Amino acid sequence: MISNPKRHSRRWHTGLLLLTCLLLPLLSRSQKPAEPAAAQGQTRLVLAFYYAWYSPSSFGPGLTPFTPATTYFSSDSGTIQRHVNEAKSAGIDGFVQSWYGPETTNNQTEPNFQTLLNVASAVGFKAAVDFETASPFFGSNDDRINALRTLLSTHAQHPAYLRVDGKPVIFFWANWILSPADWVVIRNTVDPDRNSIWIAEGGDTTYLDAFDGLHLYNIAWSGNPAGTAATWAANTRAAAQTYGGYKYWVATAMPGWDASLIGSSTAPRDRANGDFYRSTFGGAAASVPDMLIITSFNEWVEGSQIEPSVEYGNFYLQLTAELSSAYKSGSIAAPPPPTLPPPPPTADPNATATATLPPAATVTPGPSPTPTQTATPPPSPTPLASPTAQPDGRILYTVQSGDTLINLAAQYDVSLENLYAWNNLLPNSLLSVGQTLIIGYTVLPDGSTPLAGFPDARVKPDGTIVHIVGSGDTLLLIAATYELTLEELYEISGLAEGALLQLGQELVVGQRPQPATIGGSSEDPELGLSVIEVTVIASPTAEPEPTATPSPTPTNSPEPTAVPTQQIAAVASEASLVETAVPTPIPADPIQQTSNLLWLLIGAVAVLLVASAILVVVARRG
């Protein structure tokens with residue numbers, strides 16, 4: 001019988017087709033799917049302008065239109081910790097703090113910003129600088145260049161510094177005192193490769209030749225905040241066609257405004273029981289911003305604060321939480337303009353910038369809504385009695401008349417033994433007025449940090465919480481202090497039952513969550529979420545654990561709000577932490593993938609060879 005070669009060919013092709021259909025799904029599974037490109041901008045971050053230059057004498061009649069619920073020193077790290085806690089609870093993701101530059105003499109903004117970064121780092125909060133172009137420490141553009149270089153090489157490298165699209169973000173106040181051409185020179189000198197994001201203040205788009213985006217600090221002059229936000233958002237986006245690159249739009253929300261005490265050219269804007277805030281927040285959200293910023297968390301002189309006050313209590317923090325949540329979920333709507341009389345006609349402060357730089361000796365820095373208004377008076381110096389955090393972690397105090405070591409220990413809640421040890425003093429040592437003492441640490445010499453609420457506890461750099469055994473300590477007492485059973489304490493500390501304690505011994509009692517994200521660079525491009533991944537050994541629950549490192553708190557400052565260490569995962573756009581550890585996906589090994597694919601191909605070839613042999617045999621028999 002003569003076989004038909006065409007029939008054999010059809011059988012061969014049919015076999016190959018069947019084998020291909022079987023093998024394609026297997027081959028496709030071995031290929032890693034392409035990941036979508038991250039969206040630029042559109043972070044859904046909610047930020048707030050923050051000011052760190054206050055003392056109790058900064059507030060009161062004739063100084064501020066409203067009064068904080070508790071007056072404070074901005075240099076107190078306990079106060080900064082409280083502010084971060086309050087902001088985070090309201091859905092705020094980070095502070096943008098006014099910064100006069102790296103000078104530390106008579107400049108609270110530098111050491112206070114360092115403290116803010118350290119506090120923020122412990123809880124996944126973020127911080128960025130609002131660069132005060134008219135700082136009294138800047139006598140020339142060379143000074144500004146040096147300050148910006150220092151900022152980018154130091155603070156901007158901190159894990160808590162705000163990043164968007166992988167780059168540190170710098171806001172600028174009063175950039176309009178220099179010409180756009182001046183800023184091109186400064187930018188090309190400081191950051192020629194555009195490795196950071198610079199956000200200018202105002203609506204003059206010609207500044208976008210040097211800057212990457214715009215924000216409007218004050219919109220209280222507008223009778224239609226939503227319309228104003230939409231207009232300037234469109235102007236900013238359109239400028240990208242002129243100057244190239246992506247241009248970021250940062251929309252502003254405000255609860256109100258009253259800077260009448262400093263002679264502001266913008267008339268006061270009544271808060272209208274929160275309606276003005278709702279209107280500006282909704283209008284900002286409707287402009288589809290890359291970031292949304294609140295003016296302000298605590299600008300008390302200009303009456304734009306949302307920090308708890310005597311007059312409003314926590315109302316504006318609670319309203320912020322509602323509005324932030326709605327904005328991040330995409331459910332917020334732009335309401336109509338508030339039903340209240342508009343302020344007297346005020347020229348749009350964002351259309352042009354005509355101010356010129358005054359002589360360095362006469363500069364009066366501070367946020368203000370227009371280039372032509374009287375700027376906020378410089379903050380009054382912190383009294384010598386205010387403890388000041390240093391970049392190296394020490395908290396320094398200048399001795400005043402009548403001070404004694406016993407009084408200082410009681411006032412700042414530290415032990416006499418620590419005061420002696422930190423300052424190389426003896427019990428009979430005499431103090432002198434003007435003497436500088438170490439009264440605490442935000443970061444101890446070994447890299448650990450004190451744990452607020454637990455004076456004998458320290459947090460190691462890896463997050464391990466240890467208790468320093470003191471006189472009178474017992475295992476039962478230590479366990480009760482950190483809300484542990486004896487069995488749990490034995491397991492966590494690694495001690496055997498009945499073990500003896502020694503003075504100064506470090507006893508492990510828990511593990512603090514460690515931040516695992518940096519700014520916006522790891523934000524979810526769709527939801528703007530940042531997740532902290534941690535592993536918890538155990539954590540004290542008898543008292544809430546703070547959200548940041550503490551410092552001795554003056555008697556006129558409130559105790560910091562705390563967050564339990566049991567909360568082991570954080571989402572930056574949520575107002576609270578979630579008690580669920582987030583598993584870390586294990587990336588596929590590319591070598592193993594290649595090996596698997598090679599064996600799969602060898603197997604396929606073998607199958608094809610066997611099939612060919614079978615077909616040949618069948619053909620011959622046919």
Side-chain angles (χ1 to χ4, degrees), residues 39-49 86-96 125-126 162 164 169 199 213-220 222-237 248-257 269-297 304-307 312 314-340 520 523-530 570-576 578:
Q40 191 164 15
Q42 306 298 304
T43 64
R44 297 196 186 182
L45 288 171
V46 174
L47 309 171
F49 283 111
E86 290 172 340
K88 194 171 176 64
S89 71
I92 296 171
D93 302 301
F95 281 151
V96 178
F125 198 69
K126 302 301 171 188
L162 175 69
V164 169
V169 181
I199 306 295
L214 294 176
H215 77 281
L216 307 182
Y217 179 79
N218 182 9
I219 55 171
S222 174
N224 180 9
T228 298
T231 297
W232 289 109
N235 292 346
T236 303
R237 304 297 191 196
Y248 295 83
W249 163 241
V250 183
T252 303
M254 297 180 70
W257 173 270
R269 171 63 84 170
D270 188 79
R271 297 190 174 211
N273 298 318
D275 284 348
F276 186 69
Y277 196 24
R278 295 182 183 96
S279 177
T280 59
F281 213 110
S287 69
V288 194
D290 296 297
M291 292 167 271
L292 189 152
I293 194 161
I294 299 166
T295 302
S296 63
F297 182 81
S304 65
Q305 79 290 332
I306 61 171
E307 182 183 0
Y312 298 110
N314 292 329
F315 174 77
Y316 282 95
L317 271 185
Q318 295 168 351
L319 183 54
T320 301
E322 296 172 13
L323 295 171
S324 296
S325 177
Y327 166 59
K328 293 176 182 181
S329 67
S331 62
I332 194 171
T339 56
L340 56 117
E523 309 284 11
D524 185 300
E526 293 299 323
L527 299 177
L529 304 183
S530 294
V571 179
S573 66
E574 296 293 332
S576 61
V578 182

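Computed from a predicted structure; not experimentally measured.
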Here the pair of heavy atoms bringing Ala253 nearest to Leu292 is CB-CD2, 4.2 Å
Heavy-atom donor-acceptor pair, Asn224 side chain to Gly227 backbone, under 3.5 Å: yes
Would you check if the side chain of Thr280 reaches a backbone N or O of Met254 as a donor-acceptor pair within less than 3.5 Å? yes
Only one of Lys126, Lys328, Arg44, Lys88 clears salt bridge (charged side-chain N to carboxylate O under 4.0 Å, His left out) with Asp93; which? Lys328
Over all atoms of both residues, closest heavy-atom pair of Ala90 and Ser324: O-OG, 3.4 Å
Shortest non-hydrogen contact from Ser89 toward Ala321: O-CB, 4.0 Å
Phe276 side chain reached by Pro225 side chain, heavy atoms, under 4.5 Å: yes
Have a look at Leu45 and tell me which of Val169, Val250, Leu162 forms a side chain to side chain contact (heavy atoms under 4.5 Å, CB included) with it. Leu162
Partners of Ala87 by side chain to side chain contact (heavy atoms under 4.5 Å, CB included), sequence neighbours excluded? Ile92, Phe95, Phe125, Phe297
Might you point out which heavy atoms bring Ala229 and Gly283 nearest each other, and give the distance in Å? CB-O, 3.7 Å
Can you measure from OH (Tyr248) to CZ (Arg237) and round to the nearest 0.5 angstrom? 9.5 Å
With sequence neighbours left out, write down each residue that passes side chain to side chain contact (heavy atoms under 4.5 Å, CB included) with Ala326, or none if nothing qualifies. Ser331, Ile332
State, without any angle test, whether Thr295 and Thr252 hold a side-chain donor-acceptor pair at a distance under 3.5 Å. no
Side-chain contact, heavy-atom cut-off 4.5 Å: Leu319 with Arg278? yes
Under a 3.5 Å distance rule, please check whether Ser279 uses its side chain to pair with a backbone N or O of Asp275 as donor and acceptor. no
Restricting to non-hydrogen atoms, name the atom on Phe49 and the atom on His215 that form the minimum distance, rounded to 0.1 Å. CZ-NE2, 3.5 Å
With the side chain counted from C-beta on, respond yes when Asp290 and Val164 share a heavy-atom pair under 4.5 Å apart, and no when they do not. no
Look up atom CZ in Arg271 and atom CG in Asn273, then write down how far apart they are to the nearest 0.5 Å. 11.5 Å
Find the distance between OG (Ser222) and CG (Leu216) and round it off to the nearest 0.5 Å. 9.5 Å
Between Tyr277 and Thr320: side-chain donor-acceptor atoms closer than 3.5 Å: yes
Stepwise side-chain contact (heavy atoms from CB on, under 4.5 Å) test for Val46 and Ile293: CA-CA 6 Å; Val46 174; Ile293 194 161; over 6 Å; no
So Pro255 and Ile306, do their side chains get closer than 4.5 Å, heavy atoms only? yes
Hey, could you give me the OH/CD1 distance between Tyr316 and Ile294, rounded to the nearest 0.5 Å? 13.0 Å
For the atom pair CH2 (Trp249) and CG (Leu214), what is the distance rounded to the nearest 0.5 Å? 7.5 Å
Looking only at heavy atoms, what is the nearest atom pair of Ser304 and Trp257, with distance? CB-CE3, 4.5 Å
